[in-house]
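Quick note on labels: first sequence line is chain A, next is B, and so on, each numbered from 1.
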Amino acid sequence: MRGRTAHAIARLTANARPAPSAFICVVRAFAVFSASPRGRKACPRIRLETTTMDAKPGPDLERMRHSCSHVLAAAVLKLFPDAKLGVGPATDTGFYYDIQTTVPLTTEDLPKIEAEMRKIRERKLPLVRSEVPVKDAVAFMEKTGQSFKVELLELLATRGSTAAKGLDDPNLVDAGAGGVSSVSFYTLGDFTDLCRGPHVEHTGQVGAFKLTKLAGAYWRGDSRNPQLTRVYGTCWANEQDLKAYLHRVEEAEKRDHRKLGAAMGLFHLQEEAPGTVFWHPKGWTLFRTIERYMRTRLEADGYVEVKTPQLVDRVFWEKSGHWANYRDAMFVAKPGKEGEEEDRLYAIKPMNCPGAVQIFRQGQRSYRELPLRLAEFGACHRYEPSGALHGIMRVRAFTQDDAHIFCTEDQVPAESRKFCDLLRVIYKDFGFADLLVKFSDRPELRAGSDETWDKAEAALEAGSKAAGLETIRNPGEGAFYGPKLEFVLRDAIGRDWQCGTLQVDFVLPERLDASFIGEDGAKHRPVMLHRAILGSFERFIGILIENYAGRLPTWLAPIQARTVPIADRHAEFAREVARRLMASELPQTDGGIRVDVDDSTERMQKKIRNAQLEQIPYMLVIGDKEQAEGRVAVRLRSGKDLGSMAIEDVIARIKAEVGTRTDIVEPAAETAKTT
RNA sequence: GCCGCAGUAGCUCAGGGGUAGAGCAGCGCAUUCGUAAUGCGCGGGUCGGGGGUUCAAUUCCCUCCUGCGGCACCA
């Protein structure tokens with residue numbers, strides 16, 4: 001968000017419509033749910049809302065959506081009179097209501113509920129607010145059997161807030177010390193709900209809506225509580241906006257890395273290996289390109305690379321604390337003949353840090369070696385809950401761009417700063433400019449004393465200050481061994497992805513007894529910084545695919561150019577051109593330009609179509625003319641025709657794009673169909 | 001893990017108590033073509049696995065697996 005003008009944001013968020021020339025920009029701070037699959041944790045952020053000056057006057061969207069959730073609840077109660085209601089707030093695109101019914105709701109009920117909702121809208125029922133003493137409110141909800149509402153009322157009476165923890169419900173948070181003595185009710189026909197409001201005046205003002213999905217949701221977000229059925233809907237000012245939204249959802253689906261990744265031939269997943277990726281040649285080329293790039297950056301920044309074992313005795317994990325905290329999520333192995341397995345139980349590493357400590361512990365370390373930056377492209381396995389798996393974004397086997405920096409407490413600020421600088425350069429190279437940083441402090445379940453945590457949090461605070469970061473507090477979300485900074489980047493369609501992390505750890509060096517000899521000749525404990533920039537390669541590649549909608553910049557594209565001979569007699573020259581491109585040495589890579597030849601018997605038009613669909617940056621067409629002149633006709637995937645070019649000029653251009661990691665933008669390059 | 005939904009050819013999808021069909025892709029032949037689909041032909045499926053009901057199951061029921069959308073989780 002930073003560094004963007006309000007106008008740019010308006011354009012980003014204006015549903016692909018041109019940005020209005022005049023608009024009002026309202027800045028509001030409130031809790032929004034992050035779209036990051038890292039979790040839909042509440043992530044407070046400044047949000048810009050834009051409204052056009054010439055926008056039609058009408059009820060505020062959020063208010064309308066909130067009212068729409070009441071309409072939903074009223075409709076459900078009409079159809080299922082014994083339904084118990086949970087909470088029903090507005091969301092970024094609509095609303096939901098959590099409902100418990102004796103017979104579970106199914107998707108077949110949705111059209112019926114929708115029809116009932118329309119009836120309510122047509123009747124233009126007023127939404128009437130009333131102030132009610134808590135005692136009376138409880139009596140009313142008890143009488144109507146709304147036990148969840150009674151629970152909410154009790155929370156309001158004692159705490160003045162219904163928030164489960166922290167900032168988790170933007171619509172119900174009204175945090176204030178102490179309880180309240182009265183609450184507000186809203187009545188809509190014969191349906192009365194506990195609600196803070198505000199609402200539209202009557203149900204006729206509820207715009208175009210559609211119920212979109214059903215899902216289970218734990219009461220008050222706690223898996224120990226009963227699960228209610230959450231009915232999701234979307235709601236817009238008018239039919240046109242609703243249609244535009246549904247269209248946008250469809251467009252976003254086309255970016256889905258699972259679909260694109262398969263279509264681009266990058267990888268596949270299959271039943272027998274849930275949550276693990278089969279990388280195909282093109283996908284692995286992309287993976288290695290990123291790995292090579294990271295290695296170059298890390299080496300330049302004073303890291304040394306290591307590799308630690310996959311399988312380590314459980315005793316080791318007990319020592320590190322992982323066994324106690326994460327045993328359920330670890331894969332274990334007992335080798336040996338069936339019935340005669342070895343006594344020792346091994347676990348596949350879920351993290352790289354204990355391994356890194358072992359390397360640090362070998363021999364006697366001196367303060368002169370610090371800071372020691374041990375990088376590892378470590379492959380970790382975690383038995384993630386089945387419901388969490390998602391394409392290659394959330395998997396059970398993944399490769400981290402991990403590193404552990406062993407240093408003194410005094411070195412933490414400088415190392416933090418150095419890390420943040422590196423992180424920013426790398427994100428920029430991948431095309432991400434927007435960055436948000438969260439500061440996660442001590443969780444409830446943790447290792448180490450409070451004094452240690454005080455020290456660690458203070459050190460990280462100093463580090464983030466040294467790096468010049470503005471951070472957002474994320475209470476209780478630190479790792480069990482230390483507090484962390486979390487780096488969130490924003491993609492081309494405004495979604496947030498948490499990727500990087502920097503964690504200060506005083507605990508593991510202690511537990512695993514790491515030490516160095518200081519200037520004073522005495523033994524000291526090092527501080528350990530855990531850090532990652534991409535997070536996991538698998539997830540980051542998924543993010544890249546979605547961010548670029550498959551159209552990876554030339555430096556990352558698995559195939560950068562394809563020669564397209566028009567007829568068989570041009571094939572030999574096409575192969576010759578490809579050989580020349582392959583022989584050209586690209587900057588910062590091991591090889592030449594990644595090029596192939598389409599010498600199939602298809603017509604040229606079909607070959608171009610195929611290259612387009614594969615999002616290949618350069619199509620080098622070769623016919624009689626080109627062959628005679630020793631040149632190629634260059635077409636970009638944007639549809640732009642660069643005309644006839646000398647082969648060395650094509651090579652120079654691709655080299656330039658790879659060298660700067662930025663594609664050359666052609667001004668008139670927008671003729672291509674979007675597919 | 002929990003709630004809801006889904007699984008039919010490599011892909012997208014149709015069908016339905018009497019053992020399956022389209023388009024694309026693939027293969028073969030013809031075509032040798034100037035910037036997003038040349039024509040003709042051919043092959044391809046234990047209808048996710050297991051169990052049950054039935055004269056008969058891909059279709060109905062149960063169960064398991066996997067995936068999808070959420071919830072919870074995410075060192």
Problem - Paired stretches of RNA chain B - 3 or more consecutive Watson-Crick or G-U pairs, each distance under 3.5 Å - result: B:1-7 with B:65-71, B:10-13 with B:21-24, B:26-30 with B:38-42, B:48-52 with B:60-64
When all nucleic acid strands are considered with a 4.0 Å heavy-atom cut-off, which category describes [X]: base, sugar-phosphate, or nothing?
X: A/Asn610; result: nothing
X: A/Leu389; result: sugar-phosphate
X: A/Gly535; result: nothing
X: A/Ala633; result: base
X: A/Asn325; result: nothing
X: A/Arg230; result: sugar-phosphate
X: A/Lys607; result: nothing
X: A/Ala329; result: base
X: A/Pro274; result: sugar-phosphate
X: A/Arg396; result: nothing

Please tell me if [X] has a side-chain N or O lying less than 4.0 Å from either OP1 or OP2 of [N].
X: A/Arg394; N: B/rG67; value: no
X: A/Arg224; N: B/rC2; value: no
X: A/Arg569; N: B/rC33; value: yes
X: A/His390; N: B/rG69; value: yes
X: A/Ser386; N: B/rG1; value: yes
X: A/Lys484; N: B/rA75; value: yes

Among [options], which nucleotide has an atom closest to any side-chain atom of [X]?
X: A/Arg258; options: B/rC71, B/rG69, B/rG1; result: B/rG69
X: A/Arg609; options: B/rC33, B/rA36, B/rC73; result: B/rA36
X: A/Ala479; options: B/rA75, B/rG34, B/rU12; result: B/rA75

Exercise for the section: Verify the distance criterion only: is there a donor paired with an acceptor across the side chains of A/Asp98 and A/Trp219 at less than 3.5 Å? Expected result: no
Handout entry: Polar side-chain contact A/Tyr218-B/rG70 base: donor and acceptor under 3.5 Å
Key = no
Exercise for the section: For A/Ala324, check side-chain contact (heavy atoms from CB on, under 4.5 Å) against everything at least two apart and list the hits. Expected result: none
Practice task
Not counting sequence neighbours, which residues clear side-chain contact (heavy atoms from CB on, under 4.5 Å) with A/Asp641? List them please.
Solution key: none
Problem - Lys/Arg N to Asp/Glu carboxylate O, A/Arg220 vs A/Asp222, below 4.0 Å - result: no
Problem - Under 5.5 Å and under 30°: A/Tyr326 stacked on B/rA75 - result: yes
Tabulate atom names and distances for all N/O pairs under 3.5 angstrom spanning the protein and nucleotides 23-30 of chain B.
residue: B/rA25; atom: OP1; partner: A/Lys606; partner atom: NZ; Å: 2.8

Exercise for the section: Please say whether the positively charged group of A/Arg531, taken as NZ for Lys or CZ for Arg, lies over the ring of A/Phe419, i.e. under 6.0 angstrom from the six-membered ring centre and within 45 degrees of the axis. Expected result: no
Handout entry: Cation-pi geometry met for A/Arg65 and A/Phe95 (6.0 Å, 45°)
Key = no
Completion exercise
Sequence neighbours excluded, the answer for ring pair (Phe, Tyr, Trp, His ring centres under 6.0 Å) partners of A/His404 is A/His530
Practice task
Classify the angle between the aromatic ring planes of A/Phe406 and A/Phe360 as parallel (below 30°), tilted (30 to 60°) or perpendicular (above 60°).
Solution key: parallel
Handout entry: Parallel, tilted or perpendicular: ring planes of A/His322 versus A/Phe480, cut at 30 and 60 degrees
Key = perpendicular
Problem - Separation between the C1' atoms of B/rG70 and B/rC55, rounded to whole Å - result: 45 Å
Practice task
Nearest-nucleotide wise, let me know which of A/Met604 and A/Met330 is further upstream toward the 5' end of RNA chain B.
Solution key: A/Met604
Practice task
Between A/Gln503 and A/Gly391, name the one whose nearest nucleotide on RNA chain B is closer to the 5' end.
Solution key: A/Gly391
Are any protein N/O atoms closer than 3.5 Å to N/O atoms in nucleotides 3-10 of chain B? If there are, list each pair with its distance.
residue: B/rC3; atom: O4'; partner: A/Gln227; partner atom: OE1; Å: 2.6
residue: B/rC3; atom: O2; partner: A/Gly216; partner atom: N; Å: 3.0

